[in-house]
Amino acid sequence: ETFENHSNIFRNFRREIEESTGISTRSYNQQDIMKSLALSVHFRLPEQGMRHHEVLTRASAFFVDASKSKFLQIVPKRNRPMVHCIASSHVLCPWLWKSYYPLDWIQLVKREHCTYAVEVIDKNAKVIEKFPLNPYPILHPSLDVGIIHLKDEDNALKKMISLGVEVPLPLRHKKKTLGDGDKVYFEGFEIKNLDKSVSPEESESDTRVHVPFITDGSVISPATDRDLIETSHVLTDGLCGAPVMDEHGFVAGIVEGIVPTDHDNPFLAGAGATVTSSAIHNFLDQSEELMMKKILPESLINKLYHARKAIQKRGGTIPADFFESVIHSKVGETFSEEEKNKLVKIVEDVSFGKDFEINFNDLEKMANRMKDDRQAEEEKENSNREKK
């Protein structure tokens with residue numbers, strides 16, 4: 001019954017998208033489309049005489065919700081993302097991972113040399129549609145995970161939904177970590193050469209493609225930030241960035257890598273290494289707070305927070321267009337006309353809040369501060385429990 005209701009809702013929503021945008025929904029069934037997307041990074045080094053972009057890295061990625069962010073909620077709708085594209089840091093910026101990519105020439109590559117895109121691929125390995133990404137990845141300071149965002153997000157999301165893409169995927173609650181023996185499944189891509197007539201060595205270009213790869217597994221070593229998972233089939237490199245799904249369809253983590261099959265410890269050999277949903281939640285909080293501070297001056301942030309808190313105290317619901325409501329005096333009586341004019345100017349000047357680069361050191365400081373805050377919160381909770 002639940003599945004039928006979901007299917008009806010999806011069909012109605014798809015019809016609305018088609019009528020409002022004129023975009024054809026085509027004939028694809030939602031069950032034929034992969035949950036993850038195929039991520040490709042291309043590069044060109046003009047100073048090295050490269051005339052065309054070539055493949056740098058390829059792997060898997062997926063989208064999670066950004067619309068309910070406690071930080072971005074106070075930012076103008078046109079200046080904040082609706083979704084985050086989550087991927088592996090070593091795929092987005094391989095030059096930062098020398099242990100993975102020891103070749104000297106990769107150190108010449110920088111973000112400004114790269115283009116990013118995701119493709120919707122069905123379970124028969126057919127490419128349905130390609131969507132460009134903004135070339136501004138935000139990377140975790142220590143874990144192998146990063147986020148990046150869609151160009152022309154509104155139209156891209158409408159198109160994806162019309163094709164049956166499940167976007168965004170639901171992220172497991174940050175306090176619900178996986179336990180030893182919990183069952184999970186993976187849905188991503190391996191990178192294969194399907195043209196058997198040409199070997200990769202003979203071809204002047206990389207002719208390999210994304211091919212769907214689905215398998216299951218169970219947790220053998222759970223932890224706060226990283227889990228190790230024994231899989232029915234050994235994961236391939238293309239699975240890096242793929243979602244780890246729990247039995248209820250929630251994202252419980254992201255594939256970080258694979259323990260070598262010849263590892264000294266047979267218990268670990270071939271296991272999938274994943275970054276947990278809890279770590280992803282913390283990283284998104286850090287990234288979103290920094291994005292907010294890139295867009296809004298601190299003095300206005302504090303007043304916007306105050307206006308939001310006033311609504312919550314009255315038991316009201318925060319409107320989706322909270323920022324716009326503030327400007328038009330529907331909430332937040334404490335803003336002067338000068339301040340409101342500043343807010344309007346921000347909306348006009350910042351074309352899209354995703355088009356900027358987050359400083360790596362800034363994010364590291366934010367991560368350390370939030371870690372200290374979490375520890376203080378846990379100590380307070382423990383102290384309260386002891387008093388009870």
Side-chain angles (χ1 to χ4, degrees), residues 1-7 9-10 30-39 59-69 83-89 118 121 123 140 143-147 160 164-190 212-236 238-259 267-268 270-285 374:
E1 185 182 355
T2 303
F3 176 76
E4 282 301 315
N5 289 339
H6 176 76
S7 297
I9 291 168
F10 179 78
Q30 187 181 23
Q31 293 179 328
D32 293 332
I33 302 296
M34 295 288 289
K35 289 183 183 294
S36 60
L37 292 99
L39 171 66
S60 307
F62 60 97
F63 288 97
V64 296
D65 191 6
S67 65
K68 299 176 181 66
S69 163
V83 294
H84 298 301
C85 179
I86 299 189
S88 291
S89 174
V118 289
I121 294 179
K123 291 180 180 177
H140 194 287
L143 297 175
D144 190 0
V145 61
I147 57 175
M160 284 186 189
V165 179
E166 192 174 335
V167 55
L169 293 180
L171 194 57
R172 188 179 171 104
H173 192 279
K174 69 187 302 180
K175 292 189 177 180
K176 290 188 176 180
T177 56
L178 291 173
D180 195 11
D182 281 356
K183 303 296 183 186
V184 295
Y185 69 96
F186 303 82
E187 194 168 305
F189 300 91
E190 56 183 331
F213 183 103
I214 301 173
T215 191
D216 59 3
S218 56
V219 179
I220 58 173
S221 180
T224 304
D225 289 342
R226 285 188 176 96
D227 290 330
L228 285 178
I229 299 173
E230 184 180 49
T231 55
S232 298
H233 299 88
V234 176
L235 306 181
T236 67
L239 264 286
C240 290
V244 184
M245 313 292 292
D246 68 16
E247 291 182 298
H248 303 288
F250 286 85
V251 175
I254 176 177
V255 176
E256 181 180 33
I258 304 96
V259 179
F267 176 74
L268 301 177
T274 69
V275 175
T276 65
S277 56
S278 175
I280 293 173
H281 273 293
N282 291 331
F283 170 55
L284 293 180
D285 282 347
R374 285 199 308 276

With a cut-off of 6.0 Å (strictly less than), are more than 12 heavy atoms of other residues, nucleotides or ligands near CZ of F250?
-> no

Separation between NE2 of H140 and CD1 of I86, rounded to the nearest 0.5 Å = 11.5 Å

Smallest heavy-atom separation, P222 atom then G179 atom, equals CG-C, 4.1 Å

Qualifying residues under side chain to side chain contact (heavy atoms under 4.5 Å, CB included), relative to L268, sequence neighbours excluded | L228, V259, H263, N265

Do you know the tightest heavy-atom contact between C240 and S88?
-> C-OG, 3.5 Å

Of all heavy-atom pairs between M34 and P212, which one has the smallest distance, and what is that distance?
-> SD-CB, 3.7 Å

With sequence neighbours excluded, tell me which residues meet side chain to side chain donor-acceptor pair (under 3.5 Å) with S89.
-> W97

Taken to the nearest 0.5 Å, the spacing of T276 OG1 from L178 CG works out to 8.5 Å

Please report the closest heavy-atom contact between G188 and S36, naming both atoms and the distance.
-> CA-OG, 3.3 Å

Heavy-atom closest pair, residues P243 and V251 = CB-CG2, 4.2 Å

Kindly give the heavy-atom pair with the smallest separation between C85 and A61, and that separation in Å.
-> SG-CB, 3.8 Å

Taking only residues two or more places apart in sequence or in another chain, which ones pass side chain to side chain donor-acceptor pair (under 3.5 Å) with S232?
-> D216

Does some side-chain heavy atom of F63 sit less than 4.5 Å from a side-chain heavy atom of V118?
-> yes

Those residues at least two apart in sequence (or on a different chain) that pass side chain to side chain donor-acceptor pair (under 3.5 Å) with H233 are T215

Do D285 and K174 sit within salt-bridge range, that is, some charged N less than 4.0 Å from a carboxylate O?
-> yes

Partner set under side chain to side chain donor-acceptor pair (under 3.5 Å) for S69, not counting sequence neighbours | E288

Is the shortest heavy-atom distance from the side chain of L37 to the side chain of M160 under 4.5 Å?
-> yes

Under 3.5 Å: donor-acceptor pair, side chain of T177, backbone of T224 | no

Separation of D144 CG from I254 CD1 (nearest 0.5 Å) | 7.5 Å

All side chain to side chain contact (heavy atoms under 4.5 Å, CB included) counterparts of I258, not counting sequence neighbours = V234, L235, D237

With D246 as partner, the option from R172, K176, K183 fulfilling side chain to side chain donor-acceptor pair (under 3.5 Å) is R172

Approximate separation, where rounding is to 0.5 Å, of L171 CG and I280 CD1 | 5.5 Å

Among all residues two or more places apart in sequence or in another chain, which pass the ring-ring contact (aromatic ring centres under 6.0 Å, His included) test with F189?
-> H210

Starting from the C-alpha separation in whole Å, work towards a yes-or-no answer on side-chain contact (heavy atoms from CB on, under 4.5 Å) for F213 and L239.
-> CA-CA 8 Å; F213 183 103; L239 264 286; 3.6 Å; yes

Do F186 and V244 come within less than 4.5 Å of each other through their side chains, counting heavy atoms only?
-> yes

Would you check if the side chain of E187 reaches a backbone N or O of K35 as a donor-acceptor pair within less than 3.5 Å?
-> yes

Counterpart residues, salt bridge (Lys or Arg N to Asp or Glu O under 4.0 Å), relative to D65 (two or more places apart) | K68

Salt bridge (Lys or Arg N to Asp or Glu O under 4.0 Å) contacts in which one or both residues fall within residues 220-235, not counting sequence neighbours = R226-E256

